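To start, the structure itself, in structure tokens.
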Number of protein chains: 2
Amino acid sequence: MSTVGTEILPQCEPLTCDSDRVEGVEPLGVEKAQQMADFFSLLGDANRLRILSVLSQRELCVHDIASVLGMTESAVSHQLRVLRNLRLVSYRKEKRKVYYQLLDHHVLDLYNAVAEHIDEELA
Amino acid sequence: MSTVGTEILPQCEPLTCDSDRVEGVEPLGVEKAQQMADFFSLLGDANRLRILSVLSQRELCVHDIASVLGMTESAVSHQLRVLRNLRLVSYRKEKRKVYYQLLDHHVLDLYNAVAEHIDEELA
DNA sequence: TTGACATATGAACATATGTTCAAGTATAGT
DNA sequence: ACTATACTTGAACATATGTTCATATGTCAA
């Protein structure tokens with residue numbers, strides 16, 4: 001045991017704000033919070049959302065995605081890799097092209113929920 | 001009309017990738033995409049999610065939020081301003097303290113959805 | 001094999017974001 | 001009035017993120 005003589009100040013405790021309100025309040029764990037944040041961050045980019053929006057309508061190759069969205073193929077490819085890593089899209093190769101499609105339709109629920117949320121705010 | 005002699009290359013059109021797949025595919029508008037992205041980005045921070053997690057359980061003052069989460073009061077205050085601007089939290093002043101509470105419980109739905117999504121992935 | 005196309009990748013760059021630090025308000029108690 | 005507490009704010013700093021550019025990789029066609 002690490003005793004330090006007499007009278008140790010509990011340094012890690014809040015010194016003031018004696019409210020007992022904090023009791024029983026269980027904060028989200030740091031690790032899980034980070035995982036959730038990573039997931040939300042993934043959707044926190046306009047171009048990524050736009051990519052998901054077109055893939056939700058049709059399977060498309062990189063060039064076409066870039067074409068429809070007015071993005072560079074390189075930029076699209078970079079973003080697709082992010083979506084690939086998170087298992088949100090899958091792809092199949094045909095000839096020289098790589099066709100991407102939405103893999104996790106779970107995401108569309110979030111997408112739609114927020115899309116509606118935005119519309120409500122404007123009203 | 002801006003005619004340039006004979007045979008003008010349609011420079012702005014995709015030169016290759018003749019797939020008609022793009023037809024009918026309506027991409028999410030840039031503006032709305034940005035609004036949605038902003039909203040998701042808001043949830044794309046671990047500390048902000050943790051703040052929301054404790055506020056979802058109880059109204060708390062800044063000091064207590066900082067205390068429970070192990071954050072600086074300054075950091076908490078900065079983040080609360082973000083949440084305030086987005087109308088996700090409201091506050092009331094009592095004595096010297098400012099008590100914050102969750103305003104938009106709509107967000108909790110998204111929060112829970114992703115929380116479950118994370119849990120599923122681990123299984 | 002050569003050349004055009006389709007995509008991927010890495011480095012560099014610019015921008016955005018979050019924390020810290022220091023200073024500023026504001027309020028309550030003595 | 002003085003001091004401690006509670007919170008806010010702005011600037012500085014470090015980090016993260018996304019795009020661009022140049023360069024790979026791979027595939028098809030001639």
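All values reported here derive from a predicted model rather than from experimental measurement. Letters A, B, ... mirror the listed sequences (proteins, then strands); counts begin at 1. Below, each value reflects all heavy atoms present in this structure, side chains not excepted, and no hydrogens, waters or symmetry copies.
In terms of phosphate contacts, B/Asn47 brings a side-chain nitrogen or oxygen within less than 4.0 Å of OP1 or OP2 of C/dT19. Close to D/dT8, at under 4.0 Å from its OP1 or OP2, lies no side-chain N or O of B/Tyr91.
When each of C/dT27, D/dT20, D/dG18 is scored by its nearest atom to the side-chain atoms of A/Thr72, the top-ranked nucleotide is D/dT20. Set against C/dT20, D/dT8, D/dG18, the side chain of A/Asp45 has D/dG18 as its closest nucleotide. Among D/dA29, D/dA6, D/dT20, the nucleotide with an atom closest to any side-chain atom of B/His63 is D/dA6.
The residue among B/Val62 and A/Asp38 whose nearest nucleotide of DNA chain D is located toward the 5' end is B/Val62.
At a cut-off of 3.5 angstrom, counting only N and O atoms as typed in the model, there is a donor on one side and an acceptor on the other between the side-chain of A/His78 and the base of D/dT20. A donor-acceptor contact under 3.5 Å links the side chain of B/Ser74 to the base of D/dT9. Between the side chain of B/Ser41 and the base of C/dT17, no donor-acceptor pair under 3.5 Å is found.
Between A/His117 and B/Phe39, the ring planes are tilted. Angles from 30° to 60° get that label.
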Next on the checklist: Pair A/Leu43, A/Leu52 - check side chain to side chain contact (heavy atoms under 4.5 Å, CB included), show working.
Outcome noted: CA-CA 9 Å; A/Leu43 300 174; A/Leu52 291 176; 3.7 Å; yes
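One interatomic measurement links the two molecules: CZ of A/Arg96 to C1' of D/dT25, which rounds to 14 Å at whole-angstrom precision. Atom P of nucleotide C/dT19 and atom CD of A/Gln34 are separated by 11 Å, given to the nearest angstrom.
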